Amino acid sequence: MINNNDSNNLDKIVALCKRRGFIFQSSEIYGGLANTWDYGPYGIELKNNIKRAWWKSVVYERNDIYGMDAAILMHPKVWEASGHTASFVDMLVDCKSCKKRFRLDKLEDNTCPECKGKDFTEPRSFNLMFKTSIGPVENTQSIVYLRPETAQGMFVNFLNILDTVHPRLPFGLAQIGKAFRNEVTTGNFIFRTLEFEQMEIEYFVRPQEADKYYDYWVDQRFNWYIGLGIRKENLRRRQHQLGELAHYARACTDIEYNFPFGWSELEGIANRSDFDLRQHSQKSGKDLRYFDDINKERFFPYIIEPSGGIDRSALAFLTDAYDEERIKNDVRVVLRLHKDLAPIKVAVFPLLKNRSMLVELAKKIAQDLKRYFVTIYDDTAAIGKLYRRQDEIGTPYCITVDVQSLDDRKVTVRDRDTMRQERIDIDNLKEYLTEKL
Ligand code: ATP
């Protein structure tokens, strides 16, 4: 396994992502747009697999969480009520020597990370929300924001959910979607970008049970990452100090990953108290209290919010999976992704691409397997190169069709991690792979 704390490893991962079609710089042919990235054929599969794993664990495998998908554009009053118009700000300072701008809270020892200068301008606040406007005339009435978090879409639908699914506390809403922040400190590849995807749960509880469910969700979410293959030594919990808390939070624990650039937040679990429902009740004039029909009382539930980033998780999964194995004088690069996350599950090759019978049989096998697993057929290089490609994108199983396959109807299946090869009957491939995957 590689050493996570080596900053060269980020370069290796960025290079692999580009070389193998995971992630590209956005608008690259025009010189790129800073801090925006495009996901290629394998990157989108990885992201979809992360989302699927999350949705399965928080929606399908539970009885108390409902999925939803709110619009990105919302009524501007939402952001007044939520406090984002006034408080979603970073304090910025400019270095007087090199003129670069930084977030005050990210400066170490009050020293400029670029030129080591110590003389800064007075801090100024900067709102992180991207503004745009609806309609052809731009005026104060037409201003809308690109949402900086998906959460508010769930709070403003609280009544709709109560009226349609009639849930009992505790219950939750789950949503995956894009969020946008005009970040000043960016960089570190897809760790901090202007546009990113969040996976958020808003879990509504009785106020007196908030602490219990806060601890519960910190554990649940921590274990989700471990269950998908993140090594324990690379994951930790970090509780926020009082001065660090967001304007809406009573308590917050970050799940941090040991990235090549240091321990950094992967997901935050916050106790948002009844702040949001109370605020939206006041601003909208609608009663957003929950009615408890057993005790016959109305109250604002507290909200526990596990809020993770899909792009950040993708980077953590890629980093944790990246491995270099020395074989004689060569280095084998392999992504040891959890099988649920691997973009491609099975690759099928003919040993000789100029033998039409092998090609036909290999194509037929791939086509049959496509009905059950994400499978690709490849004959565009020699077999050694084909294996290498699949190792680099983390494909758990490669199948080779050779001359003997035409006689005995068996193929060689090679396991990414053990490199063991087994001869398997073509007719048993589906069962064999189903069991393995
Ligand atoms: P940070 O302190 O790193 O700016 P945050 O505490 O502001 O993050 P939250 O508001 O808690 O982040 O957002 C929840 C999650 O959304 C984060 O844990 C992260 O995974 C993701 N996220 C937030 N901002 C970005 C961003 N600019 N780029 C990519 N992912 C992000």
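Numbering of residues begins at 1 and proceeds along the displayed sequence. Source: prediction; values computed, not measured. When a ligand or atom number is given, it counts from 1 through the structure's own listing order.
- Near ligand 1, residues Arg103, Arg181, Glu183, Phe191, Arg192, Thr193, Phe196, Gln198, Glu265, Leu266, Glu267, Gly268, Ser307, Gly308, Gly309, Arg312 come within 4.0 angstrom through at least one heavy atom.
- Remark: of the listed residues Phe24, Phe189, Phe196, Phe22, Phe189 is the sole one forming a ring pair (Phe, Tyr, Trp, His ring centres under 6.0 Å) with Trp37.
- Ion pairing of Asp254 with Arg237 is absent here, as no side-chain N (NZ or NE/NH1/NH2) approaches a carboxylate O to less than 4.0 Å.
- Contact check on Arg389 versus Glu392 returns no salt bridge, with no Lys/Arg side-chain nitrogen under 4.0 Å from an Asp/Glu carboxylate oxygen.
- A cation-pi geometry, defined here as NZ or CZ lying under 6.0 Å from the six-membered ring centre and within 45° of its normal, holds between Lys430 and Tyr372.
- Remark: Arg336 engages Glu325 in a salt bridge, criterion side-chain N to carboxylate O under 4.0 Å.
- Under the 6.0 Å distance and 45° angle rule, Arg312 counts as a cation-pi partner of Phe191.
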